[in-house]
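Written below as structure tokens is the structure these notes are about.
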Number of protein chains: 2
Amino acid sequence: MRIGELAERTGVSVRALRYYEEQGLLGSERTGSGQRQYGEPAVDRVRLIQQLYGAGMSSASILELLPCVVTGIATPEMLERMREHRASVVRQIAELQDTLLRFDAVMANAVTSHDTGVSCHMANGQDTPGDQIVAVSMTNR
Amino acid sequence: MRIGELAERTGVSVRALRYYEEQGLLGSERTGSGQRQYGEPAVDRVRLIQQLYGAGMSSASILELLPCVVTGIATPEMLERMREHRASVVRQIAELQDTLLRFDAVMANAVTSHDTGVSCHMANGQDTPGDQIVAVSMTNR
DNA sequence: GCTACCTCTGACGTCAATGTCAGGTTTCTA
DNA sequence: TAGAAACCTGACATTGACGTCAGAGGTAGC
């Protein structure tokens with residue numbers, strides 16, 4: 001497929017795909033006239049790249065690890081790097097779960113204390129059941 | 001406390017703290033000479049801000065939610081925003097957990113091939129034809 | 001009061017991942 | 001075989017969360 005289709009199928013912009021290639025993250029065949037041609041695996045490849053970006057990795061880190069992830073072959077040094085990245089992901093998950101707890105605390109509290117109506121401006125027409133001001137309490141711990 | 005101490009206690013740079021203030025995320029008293037003075041709650045506030053940044057929120061989003069957090073008052077609209085952000089966090093966690101699985105798969109497999117001493121250092125993304133995304137056992141033995 | 005460090009306000013620099021634009025070529029569709 | 005749409009290669013612009021520097025004033029220990 002050509003770059004436009006890959007972009008559409010992955011939800012990534014054409015510009016981004018070219019950037020990935022520039023960074024060495026994504027290869028492509030070229031037609032005689034120079035247009036990029038991708039095979040099916042490119043779709044998953046792009047998604048993987050996006051996933052690693054989402055895990056907070058830089059292009060350089062991804063570049064380092066991607067071949068290993070793709071081929072499943074790594075040197076001990078690569079394994080060590082991967083362990084570090086893995087640990088980072090674990091930390092991120094823990095942080096996000098903590099954040100989730102905070103959100104839940106706020107929202108749960110808001111629901112149960114909706115009758116302590118404190119004056120505050122509110123949206124017009126937005127008819128949620130019990131659409132009065134809601135009091136929440138979320139201490140900074 | 002002054003800004004330097006707050007920075008040290010939160011692990012956030014002085015520049016970042018001033019930036020938070022600029023964005024309306026963090027208030028401060030001022031001494032007669034204009035120096036910022038913070039109370040104890042500022043420490044937790046900064047950590048909360050960091051946490052929300054870590055959850056991928058922009059300054060604008062944080063600014064939207066913080067008053068609710070601080071005053072304990074939310075409109076139904078704000079609650080809706082919170083639900084959206086919560087959902088985003090849930091998605092991020094799921095993504096990261098998936099990433100974790102990929103890492104684990106690669107590492108588990110790579111261990112078995114570590115003694116083949118195969119170099120994992122080539123960059124151009126277009127490695128072997130028929131490349132797999134998730135590591136599969138493709139080593140000998 | 002000296003000295004060393006801390007803080008202030010601008011203002012410009014950075015970095016990574018993209019956006020955007022220009023000017024030209026290729027491919028598809030009617 | 002047009003004309004539209006997609007693609008190409010540069011190259012500069014943007015965005016967010018800061019870093020960094022300059023020049024000036026504040027603060028604290030001796």
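Everything numeric here is computed off the predicted structure, so don't read it as measured data.
In this view, B:R9 and B:M1, B:E5, B:E40, B:V43 satisfy the side chain to side chain contact (heavy atoms under 4.5 Å, CB included) rule, not counting sequence neighbours. With sequence neighbours left out, A:Y53 forms a ring-ring contact (aromatic ring centres under 6.0 Å, His included) with A:Y20. Under the salt bridge (Lys or Arg N to Asp or Glu O under 4.0 Å) criterion, A:R36 pairs with A:E21, sequence neighbours left out. Every residue was checked against the side-chain hydrogen bond (donor to acceptor under 3.5 Å, both in side chains) condition with A:Q97, not counting sequence neighbours, and none meets it. Scanning for side chain to side chain contact (heavy atoms under 4.5 Å, CB included) contacts around A:E84 gives A:E80, A:R81, with sequence neighbours left out. Legend: residues meeting salt bridge (Lys or Arg N to Asp or Glu O under 4.0 Å) with B:R2, ordered by chain and number and at least two apart, are absent. Listed by chain and residue number, A:D104 satisfy the salt bridge (Lys or Arg N to Asp or Glu O under 4.0 Å) test with B:R86 (two or more places apart in sequence, or in another chain).
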For nucleotides 13-17 of chain C, give me every protein contact, N/O to N/O, under 3.5 Å, one pair per line with atom names.
{"from": "C:dA17", "atom 1": "OP1", "to": "A:S59", "atom 2": "N", "distance (Å)": "3.2"}
{"from": "C:dA17", "atom 1": "OP1", "to": "A:S59", "atom 2": "OG", "distance (Å)": "3.4"}
{"from": "C:dA17", "atom 1": "OP2", "to": "A:Y19", "atom 2": "OH", "distance (Å)": "2.7"}
{"from": "C:dA17", "atom 1": "OP2", "to": "A:S59", "atom 2": "OG", "distance (Å)": "2.5"}

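Inter-axis angle, ends of the helix from C:dG1-D:dC30 to C:dA30-D:dT1, five pairs per end, rounded to 10 degrees: 30°.
Within the nucleic acid shown, A:R18 comes within 4.0 Å of at least one base atom, counting heavy atoms only.
Each ring pair (Phe, Tyr, Trp, His ring centres under 6.0 Å) pair with one or both residues in residues 22-49 of chain B, not counting sequence neighbours, would appear here, but there are none. Within the structure, no pair that satisfies the ring pair (Phe, Tyr, Trp, His ring centres under 6.0 Å) test touches residues 71-102 of chain B, not counting sequence neighbours.
One can place CD of B:E5 at 9 Å from P of C:dT7, the figure rounded to the nearest angstrom. Atom CD of A:E8 and atom C1' of D:dC7 are 15 Å apart (whole Å). Atom CZ of A:R30 and atom C1' of C:dT26 are 13 Å apart (whole Å). Nucleotide D:dC18 holds its P atom 12 Å from the CG atom of B:L26, rounded to whole Å.
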B/S/- along nucleotides 23-28 of chain D (protein heavy atoms under 4.0 Å) is ---SS-
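Side-chain polar atoms of A:T99 and A:E95 form no donor-acceptor pair below 3.5 angstrom.
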